[in-house]
Amino acid sequence: MKNPSTLVAEATVSYIKNAFNHDLDAQSLTLQSTRKDFDGDITLVVFPLTRITRKSPTETANMIGEALKANLPEVDGFNVIQGFLNIHFTDYFWWEQIQYLQTLKDFGIIPQRNGQQPILVEFSSPNTNKPLHLGHIRNNLLGASVSRILSANGQKVIKVNLVNDRGIHICKSMLAWQKWGNGETPETSGMKGDHLVGKYYVEFDKHYKAEVAAITEHGIKLEEAEKKAPIMLEVREMLLKWEAGDREIRQLWSKMNGWVYKGFESTYQKMGIEFDKIYYESNTYLTGKTIVAEGLENGILAQKEDGSVWIDLTNDGLDEKLLLRSDGTSVYMTQDLGTADLRYGEFHPQSMIYVVGNEQNYHFDVLKIALARLNKPWAATIRHLSYGMVELPDGKMKSREGTVVDADDLMDQMYDTARQMTEELGKADDMTEPEASELYRKVSLAALKYFILKVDPKKNMLFNPADSIDFNGNTGPFIQYTFARIKSIMRKIDTNPADIKLSPVEIGLKERQVVRLVMQFPQIVIEAGKEMSPALIANYCFELAKEFNQFYHDFSILHENIAEKKAFRIVLAWQTSEILRNGMSLLGIEMPDRM
RNA sequence: GGUCCGGUAGCUCAGUUGGAUAGAGCAGCAGCCUUCUAAGCUGCGGGUCGCGCGUUCGAAUCGCGCCCGGAUCACCA
């Protein structure tokens with residue numbers, strides 16, 4: 001079934017061909033949805049065409065309008081305002097669209113195509129020295145949502161997580177626990193494992209800062225003091241022991257990481273995040289070295305006198321970049337080269353997407369070029385989904401300064417707010433306790449997820465802990481509420497909306513607005529996939545919900561006297577709810593049947 | 001300093017390949033529940049789209065130059 005813009009575009013092209021013997025590219029036409037304050041469904045901007053017609057914009061628009069009306073049975077009228085041709089489609093056309101939708105399942109969602117290479121999406125990628133915070137939430141929600149959106153575009157998606165489980169920062173919490181932990185465990189302390197480990201990371205920093213301060217008082221420079229602080233020397237030694245495979249250290253490492261994983265697992269579960277495959281840096285960090293060694297052999301890379309290995313990217317407008325330290329240990333870039341190569345070998349994906357903050361844009365520029373130089377042609381398929389920081393009113397979150405918004409705390413707070421608000425409104429009065437708590441969970445998560453995902457990924461966004469996330473207006477709960485209202489109507493009828501027989505009806509202005517929006521959904525899904533932007537889905541869902549609410553307010557569905565109209569409205573409402581459910585599920589948001 | 005990203009209403013954000021009078025939400029004010037759920041709907045006020053020049057029928061959108069904010073340019077990750 002053709003959509004209105006395609007119909008208009010094709011008819012316009014053939015008219016221009018017939019009347020002016022001019023070949024026009026359908027793509028070059030500017031077609032847009034007619035603005036609300038004008039009468040019509042789709043608008044053709046005719047200014048660019050006046051060069052061909054050699055007539056005024058108004059004349060041109062009128063000519064095309066007449067031609068469309070004559071040649072397209074779907075078009076029953078038009079008006080021209082200053083070079084804008086507003087085309088009006090018949091009620092029957094829109095009615096037919098809805099009738100057609102009735103026969104479809106999951107309109108706008110493209111089923112997975114067979115025989116395709118998968119797309120790999122890496123996201124989350126936490127460090128095991130502290131619990132997840134709001135920044136991680138944005139990362140996780142984006143990664144999960146983009147994965148769903150790509151799936152909805154017919155792709156096979158593999159979600160991977162790369163856990164940064166080793167390194168000096170991990171040793172810091174280990175050392176602090178060793179020194180001051182008194183054998184404290186999640187069980188004895190009653191603390192979630194990741195929070196407990198995070199506590200010792202902060203503890204380390206506290207002692208470290210004190211030591212540095214003490215040293216600088218003796219007139220020693222800060223830079224030197226930072227290197228010489230005894231606790232820092234100790235932690236470096238611990239890292240060496242770890243790399244040497246020291247039994248005791250490895251055991252401590254496994255134990256504390258185990259606590260963290262258990263903690264992460266519960267946070268992920270609350271958030272509704274899951275992965276197809278989890279990589280651990282401790283298992284992959286060595287493989288990058290092999291690639292670097294090969295590059296050295298082939299003369300692609302250069303070794304300096306001290307033994308460090310570099311790649312020269314000055315020809316690409318970048319700098320020289322270190323790939324191996326002089327002591328032979330690997331850096332972040334080294335292991336990323338290795339992990340990428342491993343993954344490519346394992347899945348042969350058509351594309352590898354990395355959901356990583358924009359602070360690492362440079363890193364990914366280097367990664368792509370470095371891999372290409374090292375004869376990995378698939379480097380070109382790497383895409384960095386770079387997203388902006390989540391900022392607090394007084395600037396960036398800093399874990400060491402305790403200004404982070406903790407993921408678990410935030411979700412708990414949201415849950416409490418949802419409960420409080422629901423109770424105030426009396427919405428859960430006739431629900432059982434499990435039903436009610438399930439509702440609080442869905443509503444609070446919707447508020448949080450929507451709040452984050454509605455913002456264009458590449459932009460920084462602000463979170464103000466003082467005024468908590470809204471449940472009214474442009475929010476997740478607003479859309480859920482619209483859905484729940486429709487569900488309530490559906491409970492009152494005894495037929496399955498899919499089975500309702502429709503006959504042609506007159507379609508009112510408000511209904512028409514809803515129908516037009518409904519029909520746009522597939523295009524939005526495609527666009528969101530191309531742009532890797534859940535925000536497009538979020539904004540669309542809001543618009544649809546708002547439009548439906550206006551219709552709902554102005555007209556009755558179940559009390560409509562004319563049977564054909566009533567049937568049409570029921571089906572339209574049902575379609576709206578299906579699209580809201582499918583759209584929101586692309587954001588990882590669940591819809592409650594009642595609220 | 002080099003590179004990249006951003007600057008739209010008091011606040012948080014939309015604004016498609018350049019198109020009509022720049023839109024929502026929140027906050028403020030004023031209304032709407034004997035009728036399908038008021039977490040809703042309606043109305044009002046609120047703007048030098050950072051600044052300037054240019055490109056053209058037309059610029060928040062494209063180009064150039066400046067101003068402001070952020071990120072990054074580590075033998076950190």
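Here the structure is a predicted model, which is why all the values come from computation and not from measurement. Chain letters run A, B, ... following the sequence lines, proteins first, then strands; residues in each count from 1.
In this structure, the NZ atom of A:Lys458 is 6 Å from the P atom of B:G6, given to the nearest Å. Spacing between atom OH of A:Tyr362 and atom P of B:G70 amounts to 22 Å, rounded to whole angstrom units. The distance between atom CG of A:Asp470 and atom P of B:G25, rounded to the nearest whole Å, is 12 Å. Atom pair A:Ile469:CD1 and B:U12:P shows a separation of 15 Å (rounding to whole Å applied). The CZ-P distance, from A:Phe478 to B:G40, rounds to 6 Å in whole Å. Look at CG on A:Asp316: it is 18 Å from P on B:C73, rounded to the nearest Å.
Each of B:G40, B:C73, B:U37 was ranked by its minimum atom distance to the side chain of A:Asn549; first place goes to B:G40. Nearest to the side-chain atoms of A:Thr43 among the listed nucleotides B:A20, B:A14, B:G40 stands B:A20. Closest to the side chain of A:Phe471, out of B:G40, B:C36, B:A39, is B:A39. Minimum atom distance to the side chain of A:Arg325 is reached by B:C76, of the listed B:C76, B:C41, B:A39. Listed nucleotides: B:U37, B:A71, B:G19. Nearest to the side chain of A:Phe84: B:G19. You'll find that the side chain of A:Arg485 is closest to B:A38, out of B:A38, B:A39, B:C13. Listed nucleotides: B:G19, B:U37, B:G7. Nearest to the side chain of A:Thr30: B:G19. Checked against B:C41, B:A20, B:U37, the side chain of A:Asn86 finds its nearest nucleotide in B:A20. Comparing B:U37, B:G25, B:A20 by their closest approach to the side chain of A:Gln32 singles out B:A20. Here the side chain of A:Thr34 is nearest to one of B:A20, B:U37, B:C41, namely B:A20.
The base-pairing partner of B:C51, taking Watson-Crick or G-U wobble contacts with both distances under 3.5 Å, is B:G65. In this structure, B:U72 forms a base pair with B:G2, meeting either the Watson-Crick or the G-U wobble geometry with both donor-acceptor distances under 3.5 Å. Remark: B:C29 base-pairs with B:G43. Criterion, Watson-Crick or G-U wobble with two distances under 3.5 Å. Look at B:U37: it lacks any Watson-Crick or wobble partner with both distances under 3.5 angstrom. Under the Watson-Crick or G-U wobble criterion, with both distances below 3.5 Å, B:A24 is paired with B:U12.
For B:A77, the OP1/OP2 oxygens have no side-chain nitrogen or oxygen of A:Gln360 closer than 4.0 Å. Taking side-chain N and O atoms only, A:Asn464 has no distance below 4.0 Å to OP1 or OP2 of B:U12. Phosphate proximity of B:G6 to A:Lys459: absent, as no side-chain N or O sits under 4.0 Å from OP1 or OP2. Taking 4.0 angstrom as the limit, A:Lys530 places none of its side-chain polar atoms (N or O) nearer than this to OP1 or OP2 of B:U16. Contact annotation: A:Arg166 does not reach the phosphate of B:A77 (side-chain N/O to OP1 or OP2, under 4.0 Å).
Between atom CD1 of residue A:Ile42 and atom NE2 of residue A:His88 there is a gap of 13.0 Å, rounded to the nearest 0.5 Å. The structure places OH of A:Tyr354 at 8.5 Å from CG of A:Leu162, a figure rounded to the nearest 0.5 Å. Here A:Lys209 contributes atom NZ and A:Asp205 contributes atom CG; the two are 4.5 Å apart, rounded to the nearest 0.5 Å. Here the CZ atom belonging to A:Phe483 is positioned 11.0 Å from the CD atom belonging to A:Glu590, to the nearest 0.5 angstrom.
The residue A:Ser386 sits apart from the nucleic acid: no heavy atom pair falls under 4.0 Å. A:Asp456 comes within contact range of the sugar-phosphate backbone alone, with a heavy-atom separation under 4.0 Å but no base atom that close. Among the protein residues, A:Glu543 comes within range of no part of the nucleic acid, since none of its heavy atoms lies under 4.0 Å from any strand. The residue A:Phe47 sits close to a base: some heavy atom pair falls under 4.0 Å. Nucleic acid contact class of A:Val45 (heavy atoms, under 4.0 Å, all strands): base. Counting non-hydrogen atoms under 4.0 angstrom, A:Met595 reaches a base of the nucleic acid.
Contact record, A:Leu580 with A:Cys541: CD2-O, 3.7 Å, taken as the closest heavy-atom pair.
For the pair A:Arg166 and A:Tyr285, the cation-pi criterion (under 6.0 Å, within 45° of the ring axis) is fulfilled.
For A:Glu531 and A:Lys458, the salt-bridge test fails: no basic side-chain N is under 4.0 Å from an acidic carboxylate O.
Stacking between A:Phe38 and the base of B:A20 is present: ring centres sit under 5.5 Å apart and the planes differ by under 30 degrees. Judged by centroid separation below 5.5 Å and plane tilt below 30°, A:Tyr481 does not stack onto the base of B:G40.
Each of A:Thr482 and A:Asn127 was assigned the nucleotide of RNA chain B with the nearest heavy atom; the assignment lying further toward the 5' end belongs to A:Thr482. Between A:Ser28 and A:Glu359, the residue anchored nearer the 5' end of RNA chain B, judged by the nucleotide with its closest heavy atom, is A:Ser28.
Although no hydrogens or angles enter the test, the distance criterion places no donor-acceptor pair under 3.5 Å between the side chain of A:Tyr387 and the main chain of A:Val355. Panel note: side chain A:Asn139, backbone A:Gly357; no donor-acceptor pair is recorded below 3.5 Å.
None of A:Thr43, A:Asp41, A:Asp39, A:Asn79 except one satisfies the side-chain hydrogen bond (donor to acceptor under 3.5 Å, both in side chains) rule with A:Thr34; the exception is A:Thr43.
Contacts of residues 552-564 of chain A with RNA chain B (heavy atom under 4.0 Å): A:Tyr552, A:His553, A:Phe555, A:Ser556, A:Ile557, A:Leu558, A:His559.
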